[in-house]
Amino acid sequence: MNGLERIIGKIEEDAESVSATVISEAEDKAREIISEAESLGDAEAKDIISAAHEECAAMVRRAHSGGELQKKKALLAKKVEIIDGVISKAVKNFLCEDPDKYFDSLLRLVSKYALSGEQTMVLSVKDHGRMPKDFERRVNDAANGGKVKIEGGGSFDGGFLLVGDEVVQNCTVDALISDAETEIRDELYKLLFTE
């Protein structure tokens, strides 16, 4: 978390620097307006100075608000980038997991999503080539009474498709992540950014 704190600190420092520059420019402009107003004459100058003070205060408020908004946007963008990185790393780790653990995870998905009747489990080319010898038997044991034939050739990174007569269960890693993305992001945000 020390690296994350440095990144957030740097974002805050940059945002404060930009905010200070904008505020300084607004204050310089305000002094210029006030100086011009004072040279116009006493009666008219009071009204102009008052309006200039109000305009300056509004400019400073807008500059400060704009700086805060930029700071929040930068911080949010960095948090989203970090969460995207964590999700991407988790997916890569899952796909490269020990084959026994990986295929046990697929079996849990089969028992959750398999329907009765005949189905075809489509694995990626990579997964089909590395599946355990007894995997098809284990899939059929987990298939809730259904009959499952396994094929390779799926053009996805990991997981599988269960293709039945009328239903296709998309259990690819990308589909599962997509289905649970909001929940995953919320949980990661809580883990990474709340104390």
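To the nearest 0.5 Å, atom CE of residue Met131 and atom OG of residue Ser124 are 11.0 Å apart.
Taking the salt bridge (Lys or Arg N to Asp or Glu O under 4.0 Å) definition, one finds that Asp179 meets it with nothing, sequence neighbours left out. Scanning for side-chain hydrogen bond (donor to acceptor under 3.5 Å, both in side chains) contacts around Asp174 gives an empty result, with sequence neighbours left out. Under the side chain to side chain contact (heavy atoms under 4.5 Å, CB included) criterion, Ala77 pairs with no residue, sequence neighbours left out. With sequence neighbours excluded, the residues satisfying salt bridge (Lys or Arg N to Asp or Glu O under 4.0 Å) with Asp104 are Arg138. Residues that satisfy the salt bridge (Lys or Arg N to Asp or Glu O under 4.0 Å) test with Glu81, not counting sequence neighbours, are Lys78. Every residue meeting the side-chain hydrogen bond (donor to acceptor under 3.5 Å, both in side chains) condition with Arg108, not counting sequence neighbours, appears here in chain and number order: Ser105. Listed by chain and residue number, nothing satisfies the side chain to side chain contact (heavy atoms under 4.5 Å, CB included) test with Lys112 (two or more places apart in sequence, or in another chain). Residues that satisfy the salt bridge (Lys or Arg N to Asp or Glu O under 4.0 Å) test with Asp84, not counting sequence neighbours, are Arg185.
The side-chain hydrogen bond (donor to acceptor under 3.5 Å, both in side chains) analysis of residues 87-102, with sequence neighbours excluded, yields the pairs Tyr102-Asp127. Sorted by first and then second residue, the ring-ring contact (aromatic ring centres under 6.0 Å, His included) pairs involving residues 118-149 (not counting sequence neighbours) are Phe103-Phe135.
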Under 3.5 Å, side-chain donor or acceptor atoms of residues 113-123 against the rest of the protein: list the pairs with distances, not counting sequence neighbours.
unit_1, atom_1, unit_2, atom_2, d
Gln119, OE1, Leu115, N, 3.3
Gln119, NE2, Leu115, O, 2.5

Solution key, residues 150-165 side-chain donor-acceptor pairs under 3.5 Å, sequence neighbours excluded:
unit_1, atom_1, unit_2, atom_2, d
Glu151, OE2, Lys149, NZ, 3.2

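The side-chain heavy atoms of Gln169 and Val167, taken from C-beta on, include a pair separated by under 4.5 Å.
Although no hydrogens or angles enter the test, the distance criterion places a donor-acceptor pair under 3.5 Å between the side chain of Asn140 and the main chain of Val148.
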- Message: With side-chain contact (heavy atoms from CB on, under 4.5 Å) as the criterion, how do Leu109 and Leu176 come out once you've worked through the C-alpha distance, each side chain's angles and the decisive distance to 0.1 Å?
- Response: CA-CA 10 Å; Leu109 290 171; Leu176 295 170; 3.6 Å; yes
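Across every non-hydrogen atom of Val173 and Leu95, the tightest pair is CG2-CD2, 3.8 Å.
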